[in-house]
Amino acid sequence: MSTDGSISMETEVVKLDPLNPNPAIIKKAAEIIRSGGLVAFPTETVYGLGANAYDPQAALRIFKAKGRPTDNPLIVHIAEKEQLFQVAQEIPETALEVAEILWPGPLTLILKKTERVPYETTGKLDTVAVRMPAHPVALQLIKESGVPIAAPSANRSGRPSPTSASHVVEDLQGEVEMILDAGDTFFGLESTVIDLTKEKPILYRPGPLAPEDLERYLGPVLVPEVARGTAYAEKAMAPGMKYKHYAPTKRLILVEKKGDLPEVVRRLSLKYKVAVLCSTEMLRILENEAVCRIQLGSESNLYEIAKNLFAAFRALDHSYCDIGVMQSFPERGIGLAIMNRARKASGMSIIANPQDMINLF
Ligand code: TXA
Ligand code: MG
């Protein structure tokens, strides 16, 4: 039974080669999409929960399966450049240029929508989020379906995004017809979302492509507080950003200054069973602490930290600990996206100074 008491469906989980997917499996998945069903599939960022972007009923099924508020719009995934003109109009020249260079890739552009895209897909907005994912399975599925695929991340709303098929099974078993399992996703964090409908480009969600990467093509990009994860957005700005996101079920504390981590861990250990989410370098410093260790990777490679982040949030929930403490990382490159996700996952439980901890507990 699902949460609303209805009988849940049978979910078929199918393994396939990420670089050379079996065409028969892709064909079967595409038939499900065309007939209004749901297929979870890998992209280079995270797994997506896909449906025909032109079918309002199918889009509504996505919201239901995720438990997602219907005013939080979906990203429309395309596989060919011509499809951009089917879903978006009045496309600025800069958008075409940036798409030419950075697609397929982890970049989502907000543009004015065409009539073909129903309001169910865009959360009643006149704009549409579009991206061309750089994953063979995603591209072949879209091509074979013959329609653009609307897909949010394939997690229950508010939970960390899935970076492996097992995360999708954990959250959506019985809610979708098929899950395509092609192993771990590459970046592990969702795409960079940028609005190109305003006078100047605005970054809504940082991702694998940093603002400095985009500025080379787009000129100055506005980076509002919501993009850093230090504030929640008003609906008018970026609908999805007002909701709590990416959160483990257990409490997560973010320590602003790396050097404060050992002291914060020591203090919390007096009262709680603590799990530490940190770099391999930091683990060496914490060698003698009696804590649960959840490794994020080396500080010298922020891509590795990004790739492991959401699995680490899930590992915290599966651990015997009551509370997680996470280290901060520099906000350059993909680090901006790491810190955005970490701040939101902590629900703004951020320790700027160990002396202030008294206010948090
Ligand atoms: O990497 C990704 O982007 C993944 C994979 C599956 O492609 N998808 C993903 O989708 O992260 P989702 O729905 O979890 O996040 C999309 C974000 C949401 O915060 C949503 O509010 C925002 O993009 N968004 C979508 N359409 C929008 C629009 N028209 N205006 C402003 N924000 C929009
Ligand atoms: Mg999401």
Side-chain angles (χ1 to χ4, degrees), residues 39-51 53 59 62-63 65-79 87-88 103-113 117 119-135 137-139 141-142 148-163 167-168 171-172 180 185-198 201-209 224 226-227 229 232-247 306 310 334 337 340-341 344-345:
V39 175
F41 62 96
T43 78
E44 79 280 31
T45 57
V46 299
Y47 274 76
L49 172 57
I62 291 182
F63 290 99
K66 274 183 69 96
R68 175 171 174 137
T70 50
D71 66 351
N72 190 357
L74 308 175
I75 295 177
V76 172
H77 296 70
I78 59 173
V87 299
W103 279 355
L107 175 66
T108 297
L109 305 178
I110 311 279
L111 298 164
K112 189 159 188 276
K113 82 170 190 72
V117 184
Y119 282 112
E120 283 78 1
T121 297
T122 65
K124 303 187 184 68
L125 296 175
D126 287 316
T127 52
V128 62
V130 194
R131 99 174 181 96
M132 190 189 289
H135 194 297
V137 173
L139 288 171
L141 177 64
I142 301 163
I149 295 186
S153 48
N155 50 284
R156 292 275 313 161
S157 189
R159 299 268 300 138
S161 294
T163 55
H167 300 160
V168 184
D171 280 17
L172 295 176
L180 297 176
T185 59
F186 184 66
F187 288 111
L189 289 184
E190 310 88 339
S191 63
T192 304
V193 179
I194 189 151
D195 188 343
L196 296 180
T197 64
K198 308 271 160 42
I202 307 175
L203 182 77
Y204 283 161
R205 182 176 71 184
L209 286 163
V226 276
Y232 291 106
E234 295 300 322
K235 158 131 180 127
M237 188 165 192
M241 310 300 163
K242 70 182 176 187
Y243 299 107
K244 191 178 173 193
H245 264 86
Y246 322 114
F310 287 142
I334 200 170
N340 161 291
R341 307 306 190 268
K344 290 190 171 187

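As the structure lists them, so they are numbered: ligands from 1, and atoms in each ligand from 1.
Ion pairing of Asp171 with Arg159 is present here, as a side-chain N (NZ or NE/NH1/NH2) and a carboxylate O approach within less than 4.0 Å. Salt-bridge check for Arg131 with Glu190: failed, with every basic side-chain N at 4.0 Å or more from each acidic carboxylate O.
Distances between N or O atoms of Tyr204 and those of ligand 1 include no value under 3.5 Å. Considering backbone and side-chain N/O atoms, Thr43 never comes within less than 3.5 Å of an N/O atom of ligand 1. For ligand 1, the polar-atom distance check against Tyr47 finds no nitrogen or oxygen pair separated by under 3.5 Å. Distances between N or O atoms of Arg205 and those of ligand 1 include at least one value under 3.5 Å.
Residue-ligand proximity: Ile110 is placed with a non-hydrogen atom under 4.0 Å from ligand 1.
No side-chain heavy atom of Thr45 sits under 4.5 Å from any side-chain heavy atom of Phe186. Put simply, the side chain of Arg341 reaches to within 4.5 Å of the side chain of Arg205, judged on heavy atoms. At least one side-chain heavy atom of Leu141 sits less than 4.5 Å from a side-chain heavy atom of Ile149. Annotation: side chain of Leu180 is in contact with side chain of Pro42 (closest heavy-atom distance under 4.5 Å). Under the 4.5 Å side-chain criterion, counting only non-hydrogen atoms from C-beta, Lys66 is in contact with Ser153.
Interface of Thr127 with ligand 1, defined as ligand atoms under 4.0 Å from a residue heavy atom, comprises 28 (C), 29 (N), 30 (N). Using a 4.0 Å cut-off to heavy atoms of Ala129, the atoms of ligand 1 that qualify are 25 (C), 26 (N), 27 (C). Within ligand 1, counting atoms from 1 as listed, the ones closer than 4.0 Å to a heavy atom of Asn72 are 18 (C), 20 (C), 21 (O). Every atom of ligand 1 with a heavy atom of Gly48 under 4.0 Å away is listed here by number and element: 6 (C). The His77 neighbourhood of ligand 1 comprises atoms 5 (C), 6 (C), 7 (O), with distances under 4.0 Å to a heavy atom of that residue. Atoms of ligand 1 found under 4.0 Å from any heavy atom of Ile75, numbered from 1 in the order shown, are 3 (O), 8 (N), 9 (C), 10 (O), 16 (C). Near Ser153, meaning under 4.0 Å from any of its heavy atoms, are these atoms of ligand 1: 8 (N), 9 (C), 10 (O), 12 (P), 14 (O). Numbered from 1 in the order shown, with element, the atoms of ligand 1 that lie under 4.0 Å from a heavy atom of Leu125 read 28 (C), 29 (N), 30 (N).
Under 2.8 Å from the Mg ion (ligand 2) lies an N/O/S atom of Ser153, whether from backbone or side chain.
Contact record, Arg68 with Pro152: NH1-CB, 3.3 Å, taken as the closest heavy-atom pair.
Taking Thr127 as the reference, nothing meets the side chain to side chain donor-acceptor pair (under 3.5 Å) condition, with sequence neighbours excluded.
The residue Lys113 has no part lying near ligand 1, judged by heavy-atom distances below 4.0 Å.
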Checklist entry - Given Asp126 and Tyr119, is the side-chain contact (heavy atoms from CB on, under 4.5 Å) satisfied, shown in steps? => result CA-CA 8 Å; Asp126 287 316; Tyr119 282 112; 2.6 Å; yes
